[in-house]
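FYI, side chains are in, hydrogens and waters are out, and symmetry mates aren't considered; it's all heavy atoms of this structure.
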Amino acid sequence: METANQFYVSKGEAKVKDAGLVPRSHDSDAEENARIEKMSVSLDIRLKRANKVYHEGERLSGVLVIITRDALQHQGVSLSLEGLVNLQLSSKSVGVFEAFYNSVKPIQLVSSNMEVVKPGKVPAGRTEIPFEFPLQAKGSKVLYETYHGVFVNIQYTLRCDMRRPLLAKDLSKSCEFMLHCQPQKPKLPPSPVEFSITPETLQNVKERTLLPKFLIKGHLDATNCAITRPLTGELVVERSEAAIKSIELQLVRVETCGCAEGYARDATEIQNIQIAEGDVCHGLSIPIYMVFPRLFTCPTLETTNFKVEFEVNIVIVLHDDHLITENFPLKLVRV
């Protein structure tokens, strides 16, 4: 039950609210003036590409939009572009690698600043200021693809700052854009994988003799996958003594962060798709189809400080809630 938005009022306050009156706030005059000013001035960043997707070597272009009720005095408008890799350890690994926090700071991939407008005045109404940034990595660094993970985060942001005179509050606006790496391979070689799941093929089983008899066969069309195309395949339940409750596809990210002391490897779920429900007909082909979600997947990445890999699990849930899982490592590439 959500309680964050619940509140209680006394009878007196309730009457005031019913009468359409709002009790006076005890905010200071400065806070009130800041609120009024915020309503009268707006700053926005508009990129030329609606999908906000760019590649290394291209130019990031767009306009700054300033809308103001009155003429606006300022001490300069600047733009900054930054690309960072943020790494962190899971709670279970914090005590293991104490020096991790000191040795691995955010990795800066790209950083650039420019003054767009010199100190002066912005006229009342709508003002559009065009800008353009080259997307080039710092030194010998590589611009990795945008990726939002749990322990690895690769993010590119554009920030605009308008400095104001002493008594006025500075204005700022941030905008995230996505960077896709250049195609790595012109064409992927076919890499189909056949699988057969029986009680004998399972690992981490204590009492194998107590397992019900079953045979599940199928194939994945590829484990070297183009990130823009779906993962496809087929699954057939040939026989099963125990009734099946559900069959699911689970996409997993495996993130490895580390330094000289060692590495911490963590696997977390990205998405789970049910491909069959109930005790499915034996001998019936069940299609496997999964689209790789944007932002939460990227081409498989391996660097000195971190790795981002992906796996898919085929999970069969029996009626007594026992799980049968088959794991397949995937290599994602952009073609």
Side-chain angles (χ1 to χ4, degrees), residues 90-93 149-151 188-256 263-293 296-300 302 307-333:
S90 63
S91 55
K92 68 178 183 182
S93 305
V150 178
F151 307 108
L188 277 177
S191 55
V193 174
E194 303 279 340
F195 61 86
S196 178
I197 310 171
T198 65
E200 289 72 34
T201 62
L202 298 181
Q203 297 176 353
N204 302 323
V205 178
K206 291 179 181 177
E207 294 290 338
R208 202 175 293 274
T209 54
L210 298 178
L211 288 175
K213 300 295 180 187
F214 57 84
L215 173 60
I216 298 161
K217 288 185 173 182
H219 69 271
L220 294 178
D221 292 329
T223 51
N224 289 338
C225 305
I227 198 167
T228 52
R229 296 176 199 151
L231 173 73
T232 56
E234 194 176 83
L235 179 144
V236 179
V237 180
E238 297 286 0
R239 61 178 181 270
S240 176
E241 287 181 357
I244 291 173
K245 187 176 181 181
S246 175
I247 301 176
E248 298 163 2
L249 274 181
Q250 183 186 47
L251 183 63
V252 174
R253 61 169 85 81
V254 182
E255 297 167 323
T256 307
Y263 288 85
R265 188 174 185 270
D266 293 281
T268 50
E269 180 182 294
I270 299 174
Q271 67 181 12
N272 192 305
I273 296 174
Q274 187 183 50
I275 59 172
E277 183 178 12
D279 199 8
V280 296
C281 296
H282 296 178
L284 177 71
S285 292
I286 300 167
I288 292 172
Y289 190 95
M290 177 184 276
V291 175
F292 297 110
F296 302 110
T297 55
C298 68
T300 301
E302 185 170 349
K307 284 198 295 186
V308 180
E309 300 163 297
F310 299 93
E311 297 174 352
V312 68
N313 292 326
I314 294 176
V315 183
I316 294 97
V317 186
L318 301 180
H319 255 292
D320 56 4
D321 285 333
H322 278 93
L323 300 182
I324 301 165
T325 305
E326 187 77 2
N327 175 269
F328 301 91
L330 301 177
K331 183 176 182 183
L332 302 189
V333 296

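Summarising the geometry of Phe214 relative to Pro199, their closest heavy-atom pair is O-CD, 3.5 Å, with the distance given to 0.1 Å. For Cys298 against Phe310, the heavy-atom pair with the smallest separation is O-CE1, 3.1 Å. Val252 approaches Ala267 most closely through the heavy-atom pair CG1-CB, 3.9 Å. Annotation for Gly149 and Arg253: closest pair CA-NE, 4.1 Å, computed over non-hydrogen atoms. Of all non-hydrogen atoms in Gln274 and Ser246, the two that sit nearest each other are NE2-OG, 2.8 Å. Contact record, His219 with Ile288: O-CD1, 4.3 Å, taken as the closest heavy-atom pair.
Here Thr201 contributes atom OG1 and Leu215 contributes atom CG; the two are 9.0 Å apart, rounded to the nearest 0.5 Å. Between the CD1 atom of Ile316 and the CD1 atom of Ile216 there is a distance of 4.0 Å, given to the nearest 0.5 Å. We find the CD1-NZ distance between Ile247 and Lys245 to be 13.5 Å, quoted to the nearest 0.5 Å. Between the CD atom in Gln250 and the CG atom in Asn272 there is a gap of 5.5 Å [rounded to 0.5 Å]. The distance from the CD1 atom of Ile286 to the CG atom of Leu249 is 10.5 Å, given to the nearest 0.5 Å. Note: Ile197 CD1 to Ser240 OG = 11.0 Å, rounded to the nearest 0.5 Å.
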Worked check of side chain to side chain contact (heavy atoms under 4.5 Å, CB included) between Phe296 and Leu251: CA-CA 10 Å; Phe296 302 110; Leu251 183 63; over 6 Å; no

Please step through side chain to side chain contact (heavy atoms under 4.5 Å, CB included) for the pair Asp266 and Val150, ending with a clear verdict. CA-CA 9 Å; Asp266 293 281; Val150 178; over 6 Å; no

Let's go through Val236 and Glu238 carefully: what are the C-alpha distance in whole Å and the side-chain angles of both, what is the deciding distance for side chain to side chain contact (heavy atoms under 4.5 Å, CB included) to 0.1 Å, and is it a yes or a no? CA-CA 6 Å; Val236 179; Glu238 297 286 0; 3.8 Å; yes

Apply side chain to side chain contact (heavy atoms under 4.5 Å, CB included) to the pair Ile324 and Leu202, showing each step before the final yes or no. CA-CA 8 Å; Ile324 301 165; Leu202 298 181; 3.7 Å; yes

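Counting only distance, with no hydrogens or angles, the side chain of Asp221 and the backbone of Pro192 share no donor-acceptor pair below 3.5 Å. Here the side chain of Ser191 pairs a donor or acceptor atom with the backbone of Thr223 at under 3.5 angstrom. One N or O on the side chain of Glu241 and one on the backbone of Lys213 form a donor-acceptor pair closer than 3.5 Å.
The only option from Leu332, Leu330, Val254 that meets the side chain to side chain contact (heavy atoms under 4.5 Å, CB included) definition with Glu309 turns out to be Val254. For the side chain to side chain contact (heavy atoms under 4.5 Å, CB included) with Val317, the qualifying choice from Glu277, Glu248, His322 is Glu248, the only one to do so.
Annotation for Glu269: atom CD counts as buried by contact number, over 12 foreign heavy atoms lying within 6.0 Å. More than 12 heavy-atom neighbours from other residues, nucleotides or ligands sit within 6.0 angstrom of NE2 on His319.
Residues Thr268 and Phe151 have side chains in contact (heavy-atom distance under 4.5 Å, counting atoms from C-beta outward). Side-chain contact check for Phe195 versus Phe328: some heavy-atom pair is nearer than 4.5 Å. Contact annotation: the side chain of Ile227 approaches that of Pro299 to within less than 4.5 Å [non-hydrogen atoms, C-beta and beyond].
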